[in-house]
A.B. asks: 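Quick one: this structure, given as structure tokens, is what I'll be asking you about.
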Amino acid sequence: MDSELTRMTAAGIAALVAAGEVSAVEVAAAHLDRIEAVDERVHAFLHVAADSALRAARAIDDRRAAGQPLGPLAGVPLALKDVFTTTDMPTTCGSRILEGWRPPYDATVTGRLRRAGIVILGKANMDEFAMGSSTENSAFGPSRNPWDLSRVPGGSSGGSSAAVAAFEAPLAIGTDTGGSIRQPGAVTGIVGVKPTYGGSSRYGVVAFASSLDTPGPLARTVLDAALLHEAMSGHDPCDSTSVDAPVPPVVAAARQADVSGLRIGVVTELNGEGYQPGVITRFTEAVELLESMGAKVTEVSCPHFGYALPAYYLIAPSECSSNLARFDAMRYGLRVGDDGTRSAEEVMSLTRAAGFGAEVKRRIILGTYALSSGYYDAYYGKAQQVRTLITRDFEKAFEQVDVLVSPATPTTAFPIGERADDPMAMYLADLCTIPSNLAGNAAISVPCGLAPEDGLPVGLQVMAPVLADDRMYRVAAAVEAALGQRRGHPLLDEANGLGEARPGQEGRR
Ligand code: GLN
């Protein structure tokens, strides 16, 4: 059973619910049916919360019946990455070490979603503790890309991207520490946004690398992403790095969709050798398109971007080695070997050995090494200096142009298993996205067509200055409008046996 409701935009669903033309319960039920029908193959969800979703939907319908005001996304279903705490659902972060843990409080983002009347369908799969680019590091098995089930949906927010691309939810929330929203968005043909660091609250987000972690939206249209961006964002006194400033007007910008007179810089260092030819083809066309719409395009060099990846792989593991020390076998989830004969240290060691996967252990070891006395200055300290140089590259670039653009990823979705045993190859998936995490500025990935050689989605990354998130939405919305709404139906259902006809693929999409 498949309902047209699962093909609609979030904005469209909210309008129908507000007008009373469809109930929030019907909307939730349609998406739960879709999950039932396809998630065995897609594996976007670690936990489906059917009862609480229907209860939340009924509450929206009651509010409407009572004539109470509804928010702009009331009644719209959403998949929540399993890194956000939820009092009524498990929170595992894709790790055995948190299996069975029930958080005592809701993340700020979780609470904001609930108050906005957004219906949380369940918890989305992810790479363990958000470390990875494919969801293959999930302790509970990988998610699959709805465009081709033999390929990855990106990561670490790959359950979130797969759910939205497979029409299991019109909206999802992920976190982006090095690219984990934009990269999965790009390779599943949807919109993925990393807001300005501090623009969305980290309170109740299980920490990976605290100076980089940024919650953000995934959606099938730019406007839907903007609506969710505004619903989830804003100052939070519970997060010391939360920005105390108004949320940039991203919804208005998404509606404006106009780039005339805007200065756009193509980043020299993120475009060329090592990139899949079809990715460059679509990227170049998107830039030409922006020019034809009145944007002023120039090339801009950011000379230190080439050092972003190595700097990130010192800073992120360093912070992770500190953050993940809290999993000590006493406070959360798993406890191994606690038979009354062992010391607390032995139980801790056995639990961490059994509970963490290989990539998480690799990062903890790397980070501990980089922070150790004698190596601190040479590794962690140097990486922080490089981080400053990258931030300056952005500042200089934004004196010349309003936004920067690049491909969102060097390649389209890769086959499951292809990079699983090669950490370096996996790390390269975030080549284009990491600079914005190090500098803290805003960035979005918006679909810009299909690569000719494999027919898989390509993402255009638009980077904007800190707290100028609205600017990148303008550009993304203009690209989306110019390429048409054909990309509203990215799921190649027939090819995957997911039960639907494959939408026409005229031209680029
Ligand atoms: N793929 C990168 C990593 O493994 C980024 C992850 C993320 O953004 N959470 O660290």
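All figures in this text were calculated on a predicted structure; none of them were measured in a lab. Whatever order the structure lists them in is the order used to number ligands and atoms, beginning at 1.
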A.B. asks: List every atom of ligand 1 that sits less than 4.0 Å from any heavy atom of Met131, numbering the atoms from 1 in the order shown and giving each element.
C.D. replies: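 Atoms satisfying the 4.0 Å criterion: 4 (O).
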A.B. asks: In the protein, which heavy atom is nearest to atom 3 (C) of ligand 1, and how far is it?
C.D. replies: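 For atom 3 (C) of ligand 1, the nearest protein heavy atom comes out as Tyr313 OH, 3.2 Å.
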A.B. asks: Which atoms of ligand 1 are found less than 4.0 Å from any heavy atom of Gly179?
C.D. replies: 8 (O)
A.B. asks: Which of the numbered atoms in ligand 1 are below 4.0 angstrom from a heavy atom of Ser156?
C.D. replies: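 Near Ser156, the atoms of ligand 1 are 9 (N).
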A.B. asks: In Å, rounded to the nearest 0.5 Å, how long is the span from NE2 of His229 to CG of Asp470?
C.D. replies: 9.0 Å
A.B. asks: So is there a nitrogen or oxygen of Ala130 less than 3.5 Å from a nitrogen or oxygen in ligand 1?
C.D. replies: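 Among all N and O atoms of Ala130, at least one is under 3.5 Å from an N or O of ligand 1.
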A.B. asks: Could you tell me if the side chain of Leu431 sits less than 4.5 Å from the side chain of Pro410, heavy atoms only?
C.D. replies: yes
A.B. asks: Could you tell me whether Arg326 sits above the aromatic face of Tyr332, with NZ or CZ closer than 6.0 angstrom to the six-membered ring centre and within 45 degrees of the axis?
C.D. replies: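 That pair does not qualify as a cation-pi contact.
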A.B. asks: Among all protein heavy atoms, pick the one closest to atom 10 (O) of ligand 1 and tell me residue, atom and distance.
C.D. replies: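 Protein heavy atom at minimum distance: Tyr312 OH, 2.6 Å.
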A.B. asks: Would you call the rings of Phe394 and Phe398 parallel, tilted or perpendicular, where under 30° means parallel and over 60° means perpendicular?
C.D. replies: parallel
A.B. asks: Would you mind telling me if ligand 1 is within reach of the side chain of Lys194, the backbone, both or neither, using heavy atoms under 4.0 Å?
C.D. replies: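 No part of Lys194 is near ligand 1 at this cut-off.
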A.B. asks: Backbone or side chain, does any N or O of Ser133 fall under 3.5 Å from an N or O of ligand 1?
C.D. replies: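 N/O-N/O distance under 3.5 Å: yes.
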A.B. asks: Less than 4.0 angstrom from a charged side-chain N to a carboxylate O is my criterion; do Arg114 and Asp106 meet it?
C.D. replies: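 A salt bridge is present here (some side-chain N lies under 4.0 Å from a carboxylate O).
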A.B. asks: To the nearest 0.1 Å, how far is atom 6 (C) of ligand 1 from its closest protein heavy atom, and which atom is that?
C.D. replies: Ser180 OG, 2.8 Å
A.B. asks: At the 4.0 Å heavy-atom cut-off, does Gln183 count as touching ligand 1?
C.D. replies: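 No heavy atom of Gln183 comes that close to ligand 1.
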A.B. asks: What I want to know is whether Phe208 and ligand 1 share at least one N or O pair that is separated by under 3.5 angstrom.
C.D. replies: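 No, since none of the N or O atoms of Phe208 sits under 3.5 Å from an N or O of ligand 1.
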A.B. asks: Would you check if the side chain of Arg471 reaches a backbone N or O of Asp402 as a donor-acceptor pair within less than 3.5 Å?
C.D. replies: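 The answer is yes, because a donor-acceptor pair under 3.5 Å joins these two groups.
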A.B. asks: Within a strict 4.5 Å, meaning less than it, do heavy atoms of the Thr135 and Pro153 side chains meet?
C.D. replies: yes
A.B. asks: Before signing off on this row, confirm whether Asp430 and ligand 1 have an N or O atom pair separated by under 3.5 Å.
C.D. replies: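 Indeed, backbone or side chain, Asp430 has an N or O that close.
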A.B. asks: For Arg112 and Ser233, indicate whether the former's side chain and the latter's backbone hold a donor-acceptor pair under 3.5 Å.
C.D. replies: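 Yes; at least one donor-acceptor contact below 3.5 Å.
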